Amino acid sequence: NAGVTQTPKFQVLKTGQSMTLQCAQDMNHNSMYWYRQDPGMGLRLIYYSASEGTTDKGEVPNGYNVSRLNKREFSLRLESAAPSQTSVYFCASSPGTAVEDIQYFGAGTRLSVL
Amino acid sequence: RKEVEQDPGPFNVPEGATVAFNCTYSNSASQSFFWYRQDCRKEPKLLMSVYSSGNEDGRFTAQLNRASQYISLLIRDSKLSDSATYLCVVNPGYNTDKLIFGTGTRLQVFP
């Protein structure tokens, strides 16, 4: 009963390093999302993908790239990490067919950039 | 003005108390509404969707007031396990896939 799986759970980077956060869902959902959550800011959308092969910017896309590798997987890449990217990152998925759709979240990745 | 606004709390209530949270949204064309629950250091999980007629799930009641553009969540007979942050979430309707999350209201239930 996996749902949405994110890896890694924790990561510490030095400024300028790169890394990729992985996300996979097994619910055959069309839409996938990457959010970041910071204290007092709530969840903010970084990028989303409405279907395999498409991606769109969200509210805070700068400094990030994404890849929708196939229907199951949606990765988030930090090319040159900055301390401002220290945050908790959540991946989510939804059926993507109606406004009533519920989003299901992964357990999150806690990233610290030193 | 934020698209979705919530009182951050914290609301500190004793077990057995009734507590209510409100949330306002700015886009009158918003299509759907949800309450999510987020435990400390965990992911958000759906608590309940909010329907125009109002809906109830056990001790939880959600109401939608489109005219005043607010959503409410009422928790009756609070349990220690209800301690969490409650996120008000709105689909603004201009894009099926996007949800707007409030910053959350923290509830702490004490013995």
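A quick note: this is a predicted structure, and the numbers were derived from the prediction, not measured. Order of the sequence lines fixes the chain letters, A, B, ..., with proteins taken first and strands second; residue numbering starts at 1 for each chain.
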| field | Sub-4.5 Å side-chain heavy-atom contact between B:K45 and A:F105 | value | no
| query | When rounded to the nearest 0.5 angstrom, what is the spacing between CZ in B:F101 and CE in A:M41? | reply | 15.0 Å
| task | Report the distance from atom CG of A:L43 to atom OG1 of B:T103, rounding to the nearest 0.5 Å. | result |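 Here the interatomic distance stands at 10.5 Å.
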| query | When you look at CZ of B:F110, are more than 12 heavy atoms from neighbouring residues, nucleotides or ligands closer to it than 6.0 Å? | reply | yes
| said: Please determine whether the number of non-hydrogen atoms from other residues, nucleotides or ligands lying under 6.0 Å from atom CZ of B:R37 exceeds 12. | reply: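 Yes - once you tally the heavy atoms of other residues, nucleotides and ligands closer than 6.0 Å, there are more than 12.
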| message | We want to know whether A:Q6 and B:E43 form a side-chain donor-acceptor pair, criterion being a heavy-atom distance below 3.5 angstrom. | response |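 Note: A:Q6 and B:E43 side chains miss the donor-acceptor criterion.
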| message | Can you give me the closest heavy-atom contact between A:I102 and B:Y36, atom names plus distance? | response |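 Shortest heavy-atom separation between A:I102 and B:Y36 comes out as CG2-OH, 3.4 Å.
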| field | Closest non-hydrogen atom pair between A:F90 and B:Q38, with its separation | value |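 Heavy-atom minimum between the residues: CZ-NE2, 3.7 Å.
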| message | At a 4.5 Å cut-off on heavy atoms, which part of B:Q6 comes close to chain A: side chain, backbone, both, or neither? | response |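 Contact with chain A involves no heavy atom of B:Q6 at all.
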| request: Check whether B:P44 gets within reach of chain A through its side chain, its backbone, both or neither, counting any heavy atom under 4.5 Å. | output: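 Both parts, heavy atoms under 4.5 Å.
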| query | What part of A:R110 gets closer than 4.5 Å to chain B, counting heavy atoms only: side chain, backbone, both or neither? | reply |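 Just its side chain gets close to chain B.
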| query | Can you say whether A:E59 sits under 4.5 Å from chain B via the side chain, the backbone, both, or neither, judging by heavy atoms? | reply | neither
